[in-house]
Structure formats: C-alpha cells, structure tokens
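Step one of this worksheet: look at the structure below.
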Amino acid sequence: MTKRRTILVCIAGALAAIFVVQIFLGMRSPQKTFKIKEKADFISIENSGETILLEKKGDEWFCASKKADAKKAEYLVGKFCEVQTLGIVARSVDDATLARYGLDAPIVVRGRAKEKDLRAIFIGKESASGSQAYVRIGGKKEIFLAQGNLRRDFTFLPDDIVEKDSAENAESENFTENSATEIFE
C-alpha cells in the first residue's frame with residue numbers, strides 16, 4: 001500500500017466516523033417533556049405581585065373561595081403537570097440572561113398534590129412568534145422555549161375562572177385547549 005493510499009483510507013475512515021456520530025447526535029431530539037406523575041390538587045399563580053390560588057376540595061375546584069369552572073381548572077392543572085419544551089435557549093441564570101427572556105419578573109406557578117410540593121415553573125416573556133414562552137422548570141439553570149404560550153394561559157383574573165351562572169356555563173362546556181386563549185382574554 002502506498003503512502004497516498006494509506007492517507008486516503010485514513011481520511012475515509014475519519015469521515016465515516018464523523019458521519020456515524022452526526023447520525024447518532026441528530027437522532028437526539030432537543031424537545032423534552034417535563035411531566036409530573038401526580039396530579040396537582042393545589043396551584044398558586046403569582047403574577048405582578050398578585051396571587052391566585054386554585055384548590056381542589058373533593059371533586060370541585062375553588063378560586064378565591066368561589067367554585068371554579070372545572071374544565072378551566074383542569075386545563076391549567078394539565079398545563080402545569082406537563083410542560084413540553086422545544087429546546088434549551090440558555091444555560092445561565094445571570095441577571096442579564098434572565099432579563100433577556102423576561103425571567104427577571106416571571107409568572108411563578110407552584111403546585112402541590114396531597115400537601116407535597118411538586119415543582120415551580122417560572123414563565124418569562126412570549127417568544128417572537130407569540131405561540132411559545134420562555135420558562136425555567138424548578139431549580140434548573142437552563143432556560144427552555146416552551147411549546148404553547150404558558151404566559152397567556154396563566155394570566156387571568158379570578159373572575160375569569162370562577163363558575164358563572166348556568167347560561168354562561170353552557171358556553172364553558174365547549175372549553176378546549178384551542179379556545180383557552182379566548183376564554184382567558
């Protein structure tokens with residue numbers, strides 16, 4: 001084997017190794033779902049100095065001592081218990097990075113199940129498209145881009161979730177994830 005042929009074989013081997021590594025790394029999706037197995041029975045939502053509490057007593061949800069619309073409450077619990085992210089946007093929690101993603105003054109959502117703290121979600125500003133939001137999950141240092149606009153989902157007044165009279169309840173029976181933004185606006 002000549003020196004030239006040996007060099008070409010080594011280069012071909014190196015390229016093949018790089019190709020295999022690229023395929024392996026490409027199969028790993030940056031998307032991640034942070035899912036809690038236990039379903040929250042209490043949620044605290046802190047936004048701009050105001051706190052809204054949702055609490056399940058028996059089979060019914062309550063907000064500000066008033067019966068809450070069960071479908072709206074379950075929707076919010078679902079959003080809290082399962083956060084789907086599209087990828088990591090930063091791995092730092094310094095002040096400048098937090099400010100860049102709106103996490104210097106976040107919406108803080110905490111949940112409990114049977115008096116056990118589950119986690120906290122820190123929701124920053126909306127992405128440029130408006131259909132995602134920047135989040136930190138629990139004590140993690142990474143900042144993620146979350147699928148769905150959690151900022152919009154968790155920004156509402158207690159009157160928006162409190163059960164209305166029967167005429168208005170007929171409207172809430174059609175509550176779905178697609179209509180969530182309409183109901184909470």
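Since the model is a prediction, treat every value here as computed from it, not as a measurement. All heavy atoms count here, side chains included; hydrogens, waters and symmetry mates do not.
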Legend entry - Positive for side chain to side chain contact (heavy atoms under 4.5 Å, CB included) with Gln147, one of Leu86, Val83, Thr33: Leu86

Inset, instruction - Is it possible for you to say whether Ile43 and Leu150 belong to one hydrophobic cluster, with membership spreading through side-chain heavy-atom contacts below 4.5 Å? - result: yes

Inset, instruction - Following the transitive rule for hydrophobic clusters with a side-chain heavy-atom cut-off under 4.5 Å over Ile, Leu, Val, Met, Phe, Trp and Tyr, establish whether Ile36 and Val135 coincide in one cluster. - result: yes

Inset, instruction - Supply the atom-to-atom distance Glu55 CD to Ser65 OG, rounded to the nearest 0.5 angstrom. - result: 9.0 Å

Inset, instruction - Return yes if some donor-acceptor pair links the side-chain N/O of Arg136 with the main-chain N/O of Lys140 below 3.5 Å, else return no. - result: yes

Legend entry - Rounded distance [0.5 Å steps], CD1 in Ile123 versus CG in Asn47: 8.5 Å

Legend entry - N-O pairing of Arg151 and Glu126 below 4.0 Å: no

Inset, instruction - Nearest 0.5 Å please: distance from the NZ atom of Lys39 over to the SG atom of Cys81. - result: 7.5 Å

Legend entry - For Phe154 against Ile45, the heavy-atom pair lying closest together: O-CG2, 3.5 Å

Legend entry - Flag for Glu74-Trp61: side-chain donor and acceptor within less than 3.5 Å: yes

Legend entry - Which atom of Ile52 lies closest to which atom of Cys63, heavy atoms considered: CG2-SG, 3.7 Å

Inset, instruction - Measure from the side-chain N and O atoms of Thr85 to the backbone N and O of Ala146, and report whether any donor-acceptor pair falls under 3.5 Å. - result: no

Legend entry - Hydrophobic cluster membership, Ile121 vs Leu118, 4.5 Å side-chain cutoff: yes

Inset, instruction - Start with the C-alpha distance between Phe144 and Phe34, add both sets of side-chain angles, then the distance that settles ring pair (Phe, Tyr, Trp, His ring centres under 6.0 Å), and finish with yes or no. - result: CA-CA 11 Å; Phe144 298 91; Phe34 293 92; 5.0 Å; yes

Inset, instruction - Using the rule that two of Ile, Leu, Val, Met, Phe, Trp, Tyr join whenever any of their side-chain heavy atoms come within less than 4.5 Å, decide whether Ile137 and Leu145 are in one cluster. - result: no

Legend entry - Side-chain ion pair, Lys116 and Glu38, N-O less than 4.0 Å: yes

Legend entry - Verify same cluster id: Tyr75, Ile161 (apolar side-chain graph, 4.5 Å): yes

Donor-acceptor pairs are to be reported for all side-chain atoms of residues 96-114 against protein atoms at under 3.5 Å, with residues two or more places apart or in another chain.
residue : atom : partner : partner atom : Å
Thr97   : OG1  : Asp94   : OD1          : 2.9
Thr97   : OG1  : Asp94   : OD2          : 3.4
Arg110  : NH1  : Glu46   : OE2          : 2.8

Inset, instruction - Using side chain to side chain contact (heavy atoms under 4.5 Å, CB included) as the criterion, list what pairs up with Ile11, not counting sequence neighbours. - result: Ile7, Leu15

Inset, instruction - Nearest 0.5 Å please: distance from the NZ atom of Lys57 over to the CZ atom of Phe42. - result: 10.0 Å

Legend entry - Minimal non-hydrogen separation, Ala133 against Asn149, with atom names: CB-OD1, 4.2 Å

Inset, instruction - Please report the closest heavy-atom contact between Asp153 and Lys79, naming both atoms and the distance. - result: OD2-CE, 3.4 Å

Inset, instruction - State which residue, out of Lys72, Lys71, Lys66, Lys67, fulfils the salt bridge (Lys or Arg N to Asp or Glu O under 4.0 Å) condition with Glu163. - result: Lys67

Legend entry - Derivation of the side chain to side chain contact (heavy atoms under 4.5 Å, CB included) call for Leu54 and Phe62: CA-CA 6 Å; Leu54 282 173; Phe62 291 88; over 6 Å; no

Legend entry - Which atom of Arg119 lies closest to which atom of Lys35, heavy atoms considered: NH1-N, 4.4 Å

Inset, instruction - Looking only at non-hydrogen atoms, find the nearest pair between Val77 and Ala40 and report the distance. - result: CG1-O, 3.8 Å

